[in-house]
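Inspection log for the structure reproduced underneath, given as structure tokens.
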2 protein chains.
Amino acid sequence: MKTLSIKDIAVKAGVSITTVSFIINGKAKEKSISEAVIKKVEKIIKESGYKPNQIARSLRTGNSNIIGLIIEDISNSFFSRIARLIEDKAYKKGYKIIYSSTENNVEKAKELINMFKSRKVDGYIISPTKGIEEDIQVLLSDNKPVILFDRNLSDIDTHYVGADHFKASYQSIESFIKNGKGKIALVTTDIDVEQIIERFEGYKKALIDHDIPYNDELVLKIHFNQDEAETIEQMKSLFSSKDIDAVLFATNYLAISGLKALKQLNKKIGDELSVIAYDDHEVFELHTPSISAVQQPLEEIAETVIQLILNQLSSKNKLENQKVIIPAKLIER
Amino acid sequence: MKTLSIKDIAVKAGVSITTVSFIINGKAKEKSISEAVIKKVEKIIKESGYKPNQIARSLRTGNSNIIGLIIEDISNSFFSRIARLIEDKAYKKGYKIIYSSTENNVEKAKELINMFKSRKVDGYIISPTKGIEEDIQVLLSDNKPVILFDRNLSDIDTHYVGADHFKASYQSIESFIKNGKGKIALVTTDIDVEQIIERFEGYKKALIDHDIPYNDELVLKIHFNQDEAETIEQMKSLFSSKDIDAVLFATNYLAISGLKALKQLNKKIGDELSVIAYDDHEVFELHTPSISAVQQPLEEIAETVIQLILNQLSSKNKLENQKVIIPAKLIER
DNA sequence: CTGAAAGCGCTTACAG
DNA sequence: CTGAAAGCGCTTACAG
């Protein structure tokens, strides 16, 4: 069965395709099409199951009602949950989302931007990697709305939504100190992105503000793409050789590896060693004992992102850029 | 800056757009374009950064190099991991994936199919809900490749890839019995889909084959969309009132709720109560004690799905439908 | 109140 | 070896 085109509908209804097009696009009143014609055409459309070809429409109008979402890795639960929330919210406003993962790979990120561009998506929601600043700049000078989230690119003048990583990290360390801890380690990654750096800065500042000298040896930077087995070994050597009484993990997957390391060392979490994980995960609540975690406000982040992009999309003129920083919450367990 | 079109390139190069098109599409040799012209045009394309408009190309050719992936819920780690694997593999073959979640909602599933259809995706990979049989049938009679995965629709004659749920469930129960358990409960959902039913059937058959009478009271069916708090209450009442020594959870999120319920009841997992979860999850390995789980072969499923759809896509004639059942693995911890 | 026609950016059968 | 032209299915300025 060949798919129907607007022409088929026009022929069946005995009107021009112009008339059909006006009716489909809700411009019937505005163009003063008679009530009778509207009724007739709508009936035919419904009966035949005709759906306008979106490709043709996009080619003609230059937009698509699609928002491109570019994230680091869809299999990471932080991103998949954000993606799901964004998808739901956009859907309610008549926008579809298409998403794809960069795997923290600059080349792939650039390709994705190009793919989305050639698919004429109306706007972009991106958790960026370093190295794609230029490509984003091109989108902006093309007048496409771009919302960054999770991580900011300070060189890029556009909207950004993210959690207050510095503060959350600072507060985590303060909570350790309040509980009498003083030998506080940080396990983080070596990715050079703003939100990771801020967690590190928050750690450092909190120590200094409480007169605890910063000690390089208590900070373990795990190489980004490395094997989990190796990561666990490195953590084991940190945890067993150094005299530490608390540790903040800067990402949830590091925390999970850390828990495995501690399990292997048979080191009990609790009075002896306090643990906070950055980014909550189901594992932490269920773990015995439960693990405290910094919870990013997913719902609020998703809501703000969608709000910003819809505002942009519906206004002809460029809105003033906003950098929205949302507090994260330390869940003490 | 206006985006370039094929015409701009043609003008710059002093050739026709036909020639440029042939060169872009690698048909230069075939169409015996002279080496000099090819060189010149390629140089101009590279220098100008011209990218063909995929929308126009799709409109003209009727395909898109995009595969639509429709899953139940991207925030579920089983699906997000499968999605990621499929995305990677497709990408290497020059296909892009766009995905979207149905939330187990028939209406939304139908809309997604329509959206993908009007975007002219070349093929569909679907973890289906009941109720979309007709829509899938339409795609098939439209000659679009459709691969079902995770759950089969027995009425639909197309490719399917999934784990052997019956067997995995059967083996789980056998493993309980081998370890001397006899009062074996099943916690499952009330969704009426094949893979859930098979897990139930495997449970039943294993009991009967080992001369353990099937007892309705040991099977708890949790309502699909219900609050976790309520789910936990129901489980607590099962676990505390009945005299049971083993429990199989038919999904990983049920198992997670179950672990919470057991924690609240202060019931120790181990000799007293054995637990197996269906679909592995990071939680289970880390849990104290570790939880055994049925692991679906994600990598194999993704690989098979991609293989089947690429075969379909590259062959003009319809290939014979395959139903591929891959064994799942019980990881005893 | 309604329609003929141009044009979005491509591909490709056909002609030379 | 290369190009003019039709056509994919829409939208919309213009005309009547």
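Every chain is numbered from 1, with letters handed out A, B, ... down the list of sequences.
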Please determine, for the side chain of [X], which listed nucleotide ([options]) has the closest atom?
X       : options               : answer
B/Ser21 : C/dT12, D/dT2, D/dC10 : C/dT12
B/Thr18 : D/dC8, C/dC10, D/dG3  : D/dG3
B/Ser34 : D/dT12, C/dG3, D/dC1  : D/dC1
B/Ile33 : C/dT2, C/dT12, D/dT2  : D/dT2
A/Thr61 : D/dT11, C/dT12, C/dG9 : D/dT11
A/Asn53 : D/dC10, D/dG3, C/dG9  : D/dC10

Could you check which nucleotide pairs with D/dA13 in any of the strands shown, counting Watson-Crick or G-U wobble with both distances under 3.5 Å?
none

C/dA4 -> Watson-Crick or G-U wobble partner, both distances under 3.5 Å, gives none

Side-chain touch A/Lys117/A/Tyr124, heavy atoms, less than 4.5 angstrom
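Side-chain contact under 4.5 Å: yes.
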
4.5 Å side-chain heavy-atom contact, B/Ile125 and B/Tyr99
no

Could you measure the distance from the CD1 atom of B/Ile126 to the CD1 atom of B/Ile113? Nearest 0.5 Å is fine.
4.5 Å

Hey, which of these two, B/Ile17 or B/Leu59, hits DNA chain D nearer its 5' end, going by closest nucleotide?
B/Ile17

Grab the [atom1]-[atom2] distance between [X] and [N] for me, whole Å please.
X       : N      : atom1 : atom2 : answer
A/Leu4  : D/dG9  : CG    : C1'   : 12 Å
B/Ile23 : D/dC1  : CD1   : P     : 13 Å
B/Ile6  : C/dG7  : CD1   : C1'   : 16 Å
B/Lys27 : C/dT12 : NZ    : C1'   : 7 Å
A/Asn25 : D/dC10 : CG    : P     : 10 Å
A/Arg60 : D/dA13 : CZ    : C1'   : 9 Å
A/Phe22 : D/dC14 : CZ    : P     : 13 Å
A/Tyr50 : D/dG9  : OH    : P     : 10 Å

For A/Lys43, I'd like to know if atom NZ has over 12 heavy atoms of other residues, nucleotides or ligands within 6.0 Å.
no

Enclosure of B/Lys39 NZ (heavy-atom neighbours >12, cutoff 6.0 Å):
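No, because the 6.0 Å sphere around NZ of B/Lys39 holds 12 heavy atoms or fewer from other groups.
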
So what does A/Lys120 touch, heavy atoms closer than 4.0 Å: a base, only the sugar-phosphate, or nothing?
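Here A/Lys120 touches no strand at all.
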
Less than 4.0 angstrom between a side-chain N/O of A/Ser5 and OP1 or OP2 of D/dG9, yes or no?
no

If you compare every side-chain N and O of B/Arg57 against the phosphate oxygens of C/dT11 (OP1, OP2), does one of them come in below 4.0 Å?
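Affirmative; the distance criterion is met.
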
